[in-house]
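Since the structure comes first, as structure tokens, the remarks are kept for the end.
These numbers come from a predicted model, not from an experiment. Below, all heavy atoms of this structure are taken into account, side chains as well, without hydrogens, waters or symmetry copies.
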There are 2 protein chains.
Amino acid sequence: MPARQVPDIVIGRLPVYLRMLTHLMAENKLVVSSKELGQRLNISAAQIRKDLSYFGGFGKQGAGYNVASLHAELSRILKVEEIRSVVLIGVGDLGRALAHYGGFANEGFQVTTLLDNDPNKIGTQIGHLTVEDVRELEPIIRERGIQIAVITTPAHAAQGIADACIRAGVRAILNYAPITLQVPEHVRVQYTDPVMHLQRMTYYL
Amino acid sequence: MPARQVPDIVIGRLPVYLRMLTHLMAENKLVVSSKELGQRLNISAAQIRKDLSYFGGFGKQGAGYNVASLHAELSRILKVEEIRSVVLIGVGDLGRALAHYGGFANEGFQVTTLLDNDPNKIGTQIGHLTVEDVRELEPIIRERGIQIAVITTPAHAAQGIADACIRAGVRAILNYAPITLQVPEHVRVQYTDPVMHLQRMTYYL
DNA sequence: TAGATTGTTAATCGATTAACAATC
DNA sequence: TAGATTGTTAATCGATTAACAATC
């Protein structure tokens with residue numbers, strides 16, 4: 001429960017801070033200053049202090065921040081202390097790669113459900129999961145109470161899948177399909193598209 | 001050659017406009033207004049007009065924008081008319097998925113080089129490419145004049161790979177490894193990490 | 001204590017929006 | 001022509017930075 005309205009752009013930096021704190025813990029670093037954090041993340045020290053101050057005073061003057069306790073605070077703020085179920089729709093190469101991805105463990109997420117529309121894929125095993133029929137999407141998501149969906153279908157299918165997910169109760173979508181989704185206000189969407197990222201850089205070449 | 005300094009945040013929206021224009025061309029739509037574009041992309045019409053005005057006046061009062069010619073203008077501005085070679089380092093599940101990805105064609109990019117450090121992978125075929133030895137990274141990138149790298153290695157290897165790429169002449173990096181890279185000013189980096197995206201949304205759940 | 005660093009305020013900087021004359 | 005929509009300016013809004021008292 002934030003004390004005041006926190007800008008979304010601030011929320012977007014918290015996972016970056018959290019990731020660096022995880023890294024510092026692995027290095028057995030006990031304390032870190034906003035200055036050092038900033039240098040490692042290419043963010044100004046003032047911005048880091050300001051971002052954190054939306055949620056409280058976590059540091060100690062003259063010393064900096066305790067790495068472990070700031071890590072715990074950010075985990076709490078981002079609500080990634082408990083594991084959340086994720087449904088992944090579209091078991092192509094990318095979907096398969098994400099299903100295998102080891103980086104979700106310990107970061108608050110677990111892919112628990114794989115869906116596809118291809119009869120040749122439905123029923124097959126990927127890791128320890130069985131691919132299920134996308135026609136069962138709504139009841140499956142509802143029954144399992146899943147709030148997060150990852151869409152790795154072709155572009156033409158993505159909007160329909162998103163609509164169905166939302167009807168079933170999904171409130172956060174990570175969309176890998178190269179299309180802008182139309183969603184109601186209460187649903188969050190994040191996009192990731194390698195072409196967008198690359199095109200954004202070639203301008204400067 | 002932009003007329004004046006264009007904010008990076010504006011450059012970041014141009015690929016989104018371009019993608020929608022590609023979509024509209026496939027729908028055989030000849031003309032589109034900033035209002036309609038905005039509705040489809042969840043961006044205000046004023047912002048679209050302002051963004052485009054950094055580069056010139058591409059529209060027609062009372063009518064809107066010619067879809068095909070705005071598409072051509074944006075392709076030119078983003079320099080994605082010619083195909084650019086991309087090196088991909090780290091042929092794990094994700095690297096393999098990107099190597100197979102069909103979405104680069106027609107969008108200005110082609111993965112031409114695959115590198116890995118695993119002797120079991122070096123020499124194998126992926127699609128029509130052969131995985132090469134990452135120890136040859138610098139000469140390969142130099143000889144082939146590659147300016148764009150996609151890093152899909154584990155986090156601990158990513159900074160070293162980035163350094164080597166930059167020494168060899170790379171100026172744009174798309175980094176899938178979950179780590180913030182330190183790079184000189186003349187090098188652009190884009191990040192994509194599913195954990196970051198998901199954590200950014202769970203705050204709102 | 002002296003040095004370092006926080007948390008916060010005010011100033012600056014930059015991005016978005018609203019409005020409208022120009023004009024197709 | 002009348003209606004629609006652009007390109008642009010000025011106003012608004014929001015984010016970042018600089019500065020520093022507080023204090024560990």
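- Residues from residues 19-26 of chain B placing a heavy atom under 4.0 Å of any atom in DNA chain D do not occur.
- Residues satisfying the side chain to side chain donor-acceptor pair (under 3.5 Å) test with B/Arg188, not counting sequence neighbours, are B/Asp8.
- A/Thr22 and A/His71 share a donor-acceptor pair across their side chains, judged by distance under 3.5 Å alone.
- Between B/Ser34 and A/Asp51, the residue whose closest nucleotide on DNA chain D is further toward the 5' end is B/Ser34.
- Residues in residues 129-156 of chain B take part in these salt bridge (Lys or Arg N to Asp or Glu O under 4.0 Å) pairs, two or more places apart or across chains: B/Glu132-B/Arg144, B/Asp133-B/Arg135, B/Glu138-B/Arg142, B/Glu138-B/Arg167.
- In this structure, the salt bridge (Lys or Arg N to Asp or Glu O under 4.0 Å) partners of B/Arg13, at least two apart in sequence or on a different chain, are B/Asp51.
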Report, one pair per line, the protein and nucleotides 12-14 of chain C atoms (nitrogen or oxygen only) whose separation is under 3.5 Å.
none

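- Between B/Leu37 atom CG and D/dA4 atom P the separation is 19 Å, expressed in whole Å.
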Side-chain donor/acceptor pairs under 3.5 Å, residues 61-68 of chain A, sequence neighbours excluded:
from	atom 1	to	atom 2	distance (Å)
A/Asn66	OD1	A/Ala68	N	3.0
A/Asn66	OD1	A/Ser69	N	2.9
A/Asn66	OD1	A/Ser69	OG	3.4

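- Heavy atoms of other residues, nucleotides or ligands lying less than 6.0 angstrom from CG of B/Asn42 number more than 12.
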What one-letter contact string describes nucleotides 17-24 of chain C from 5' to 3', where B marks a base within less than 4.0 Å of any protein heavy atom, S marks contact via sugar-phosphate atoms alone, and - marks no contact? BBB--BBB
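- Residues B/Pro7 and B/Tyr54 are in side-chain contact: their nearest non-hydrogen atoms beyond the backbone lie under 4.5 Å apart.
- Taking B/Asp193 as the reference, A/Arg19 meet the salt bridge (Lys or Arg N to Asp or Glu O under 4.0 Å) condition, with sequence neighbours excluded.
- For the side chain to side chain donor-acceptor pair (under 3.5 Å) test, residues two or more places apart in sequence or in another chain that qualify with A/Glu36 are A/Lys29, A/Arg40.
- Counting only Watson-Crick and G-U wobble pairs whose two distances sit under 3.5 Å, DNA chain C takes part in these stems of three or more pairs: C:3-24 with D:3-24.
- Every residue was checked against the side chain to side chain donor-acceptor pair (under 3.5 Å) condition with A/Ser33, not counting sequence neighbours, and none meets it.
- Under the side chain to side chain donor-acceptor pair (under 3.5 Å) criterion, B/Arg96 pairs with no residue, sequence neighbours left out.
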